[in-house]
Amino acid sequence: MNLQECYEALGGDFEDVLSRLRSEKLVQKFVLKFLNDKSFDLLCSSLEEENYEEAFRASHTIKGVCQNLSFTRLYESSHALTEALRSGWSQEAAGLTERVKSDYEQTAAAIREFQKGLEG
C-alpha cells in the first residue's frame, strides 16, 4: 500500500494534504506520528470517567490533527462530536462517540497497513 492508497482507505484527501505540506515524505512523517498521538485514548478514558470537559478537549485535538492531515472522514465525525460535547453530554454525543471510534479504528488500521508495507 502506498501513501495515496492509505489515504483512500482511511477516507482522506491526499491531494489536499500534499498541496499543503508540499512533500510526500513530510506527509508520511506526520501520518505515521498519528499512531503515537494519545488524544483518542484520552477521549475514551474521559468519556468512561464522565469527564466531558476533558473529552471535549480530546475530540477538539483529534479534529484539529485530522483537519491538518486531511483525514476527512475522521475529521468530520470528530468535528461533530466536538460540537456535541461543547455544552456537555447528550444523546447526540453518544451516537457520535461510536462513529468517532469506528472512524478512528479505520484510520489507524489503514495507517498500520501502510506502515507494514514500509517495514517489509
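By convention here, the first residue in the shown sequence is residue 1.
In summary, the aromatic rings of Tyr104 and Phe34 are positioned with their centroids under 6.0 Å apart.
Every residue two or more places apart in sequence or in another chain was checked for a salt bridge (charged side-chain N to carboxylate O under 4.0 Å, His left out) with Lys38, and none qualifies. Annotation: side-chain hydrogen bond (donor to acceptor under 3.5 Å, both in side chains) contacts of Arg73 (sequence neighbours excluded): Gln106. For Glu83, the salt bridge (charged side-chain N to carboxylate O under 4.0 Å, His left out) criterion is met by Arg86, not counting sequence neighbours. With sequence neighbours excluded, the residues satisfying side chain to side chain contact (heavy atoms under 4.5 Å, CB included) with Leu118 are Gln28, Leu32, Phe114.
In this pair, His79 and Tyr75 present their aromatic rings parallel. The plane angle is below 30°, not in the 30 to 60° band.
Taking each heavy atom of Met1 and Ala110 in turn, the nearest pair found is SD-O, 3.7 Å. The minimum heavy-atom distance linking Leu81 with Ser59 is given by the pair CD2-CB, 4.1 Å. Heavy atoms only, all atoms of each residue included: Ala58 and Ser39 are closest at CB-O, 3.6 Å.
Both Leu85 and Ile62 belong to a single network of hydrophobic side chains, linked directly or stepwise wherever heavy atoms of I, L, V, M, F, W or Y lie under 4.5 Å apart. Follow the hydrophobic side-chain contacts under 4.5 Å out from Leu74 and you never reach Leu42; the two are in separate clusters.
Within the structure, salt bridge (Lys or Arg N to Asp or Glu O under 4.0 Å) pairs that include any residue of residues 57-66 comprise Glu53-Arg57, Glu54-Arg57 (at least two apart or interchain).
A salt bridge links Lys116 with Glu113: the closest approach of a Lys/Arg side-chain nitrogen to an acidic carboxylate oxygen falls below 4.0 angstrom.
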Side-chain polar contacts of residues 8-18 - donor-acceptor pairs under 3.5 angstrom, sequence neighbours left out - could you list them?
from: Asp13; atom 1: OD1; to: Glu15; atom 2: N; distance (Å): 3.3
from: Asp13; atom 1: OD1; to: Asp16; atom 2: N; distance (Å): 3.0
from: Asp16; atom 1: OD2; to: Arg20; atom 2: NH1; distance (Å): 3.2
from: Asp16; atom 1: OD2; to: Arg20; atom 2: NH2; distance (Å): 3.4
from: Asp16; atom 1: OD2; to: Ser70; atom 2: OG; distance (Å): 2.5

